[in-house]
Amino acid sequence: MLELETIHQDVSAFMVKDEPFYLSQGNEIKLLEAAFFKKIPAMLTGPTGSGKTRLIQYLAWKLGRPLYTVACHDDLCASDLVGRYIIKGGEVKWIDGPLSLGVKNGGIVYLDEVVEARKDVTVVIHPLTDHRRCLMIEKLGTQLSAPDGFMLVTSYNPHYQSVSKELKPSTRQRFVNIELGWPNEMIETRVIEVESGLDQLQASYLVKAANRIRNLINRGLEEGISTREIVYAAKLIQCGIPIGEVLCATMVEPITHDLDLKASIIEILKNYFRF
């Protein structure tokens, strides 16, 4: 007969040990902390690269809670979050998924772009987002009650998703919503300086150019340049690569394939950099 065992994972591996660099755009940190202590799930909305993941890392570090991050995708199902049976060495063993681990260990579970996951994921997380605060594990016939230290956080980019992947109001209304945009020019320039080591003047030029490019959204451009892409550009500029090649590789090619838009973006960049 096959023996059933449970595979345990070390909580320390999910702790954020070093303080992540994060500059607040407003009261998002206070809102998230208040939601944590009042046991309210949170949803972060905003464009790609606006700092949602870094914010959650900072929150986990500040609160001293383990962080379980899941990048949601089309094939992600409930079993990927809750857990599944595996056969190892002739024995049947149960391995917890990140959601089960987060509930058991009182951690923060962050479901990035939750709308991308399959519909059965929504069914699983609903009992964790109301007064029940519990996780049903049907395959084990058990129910886990979330401790005080548990928090569920999701992210969602409503301006990017198609209508077919829109979150239902019945799901959205289970979360307190915190909207993040791109940081203001002063904050974003400081972020570029710290993250890349680039001098303030060049960092400010990159941010100014990015903000002008972002104005092209809804005029052919689907999404603007993320803070992440600006950091990439700042890091590569210091490597001795011709600046035109760096800017094309980080602030042109990743955001559009349209030749006319590319030409417009390059003209904007040439207002700040010679290439």
Taking the side chain as every heavy atom from C-beta outward, state whether [X] and [Y] have any pair of such atoms under 4.5 Å apart.
X: Ile108; Y: Tyr68; result: no
X: Arg133; Y: Val103; result: no
X: Leu67; Y: Phe14; result: no
X: Met151; Y: Leu59; result: yes
X: Leu247; Y: Phe273; result: yes
X: Trp61; Y: Asp18; result: no
X: Glu188; Y: Glu185; result: no
X: Leu63; Y: Phe37; result: yes

Can you list the steps and then say if Tyr156 with Asn177 is a side chain to side chain donor-acceptor pair (under 3.5 Å)? CA-CA 10 Å; Tyr156 174 44; Asn177 188 91; over 6 Å; no
Does Thr171 form a side chain to side chain donor-acceptor pair (under 3.5 Å) with His126? I'd like the steps, not just the answer. CA-CA 8 Å; Thr171 297; His126 271 196; 3.1 Å; yes
Which of these passes salt bridge (charged side-chain N to carboxylate O under 4.0 Å, His left out) with Asp148: Arg65, Lys39, Lys38? Lys39
Could you please spell out the steps behind the side-chain contact (heavy atoms from CB on, under 4.5 Å) verdict for Ile40 and Phe175? CA-CA 7 Å; Ile40 302 173; Phe175 297 83; over 6 Å; no
For a side-chain contact (heavy atoms from CB on, under 4.5 Å) check, start with the C-alpha distance between Thr250 and Leu236, then their side-chain angles and the critical distance, and finish with the verdict. CA-CA 9 Å; Thr250 56; Leu236 292 176; 3.9 Å; yes
Would the distance check show the side chain of [X] and the main-chain N or O of [Y] forming a donor-acceptor pair, the cut-off being under 3.5 Å?
X: Asp10; Y: Ser12; value: yes
X: Gln238; Y: Ser196; value: yes
X: Asp96; Y: Gly83; value: no
X: Arg132; Y: Leu128; value: no
X: Ser100; Y: Val82; value: yes
X: Ser50; Y: Gly46; value: no

So, is the end of the Arg84 side chain (NZ or CZ) under 6.0 Å from the ring centre of Trp94 and within 45° of the ring's axis? no
Ring of Tyr272, cation from Lys208 - is the NZ or CZ under 6.0 Å from the centre and inside 45° of the axis? no
Minimum-distance pair of heavy atoms, taken over all atoms of [X] and [Y]:
X: Gly224; Y: Ile217; answer: N-CD1, 3.4 Å
X: Asp260; Y: Asp258; answer: N-OD1, 3.0 Å
X: Ala234; Y: Ile192; answer: CB-CG2, 3.6 Å
X: Ile213; Y: Leu221; answer: O-CD2, 3.6 Å
X: Ser155; Y: Asp112; answer: OG-OD1, 2.5 Å
X: Ala233; Y: Leu206; answer: CB-CD2, 4.4 Å

If you measure from [atom1] on [X] to [atom2] on [Y], what distance do you get to the nearest 0.5 Å?
X: Ile137; Y: Ser79; atom1: CD1; atom2: OG; value: 10.5 Å
X: Lys30; Y: Glu33; atom1: NZ; atom2: CD; value: 9.0 Å
X: Leu261; Y: Thr256; atom1: CG; atom2: OG1; value: 4.5 Å
X: Arg212; Y: Leu269; atom1: CZ; atom2: CG; value: 9.5 Å
X: Glu229; Y: Ile255; atom1: CD; atom2: CD1; value: 8.5 Å

One pair to check against salt bridge (Lys or Arg N to Asp or Glu O under 4.0 Å): Lys262 and Glu253. What are the steps and the verdict? CA-CA 8 Å; Lys262 285 182 181 180; Glu253 295 296 338; 2.9 Å; yes
Let's go through Glu28 and Tyr22 carefully: what are the C-alpha distance in whole Å and the side-chain angles of both, what is the deciding distance for side chain to side chain donor-acceptor pair (under 3.5 Å) to 0.1 Å, and is it a yes or a no? CA-CA 11 Å; Glu28 67 268 22; Tyr22 183 82; 2.6 Å; yes
Tell me whether [Y] is reachable from [X] by hopping between hydrophobic residues (I, L, V, M, F, W, Y) whose side-chain heavy atoms are closer than 4.5 Å.
X: Leu32; Y: Met43; answer: no
X: Val115; Y: Val123; answer: no
X: Phe150; Y: Val153; answer: no
X: Leu111; Y: Leu44; answer: no

Salt bridge flag under 4.0 Å for residues Arg118 and Asp75: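 A salt bridge is absent here (no side-chain N lies under 4.0 Å from a carboxylate O).
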In terms of side-chain geometry, is the basic nitrogen of Glu195 or Arg54 positioned less than 4.0 Å from the acidic oxygen of its partner?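 Salt bridge flag = yes for Arg54 with Glu195.
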Checking side-chain hydrogen bond (donor to acceptor under 3.5 Å, both in side chains) between Asn157 and each of Glu223, Lys52, Glu113, Glu116, which is the one that passes? Glu223
Under the side chain to side chain donor-acceptor pair (under 3.5 Å) rule, what do Thr45 and Glu179 come out as? Steps first, then yes or no, please. CA-CA 5 Å; Thr45 57; Glu179 184 173 4; 4.8 Å; no
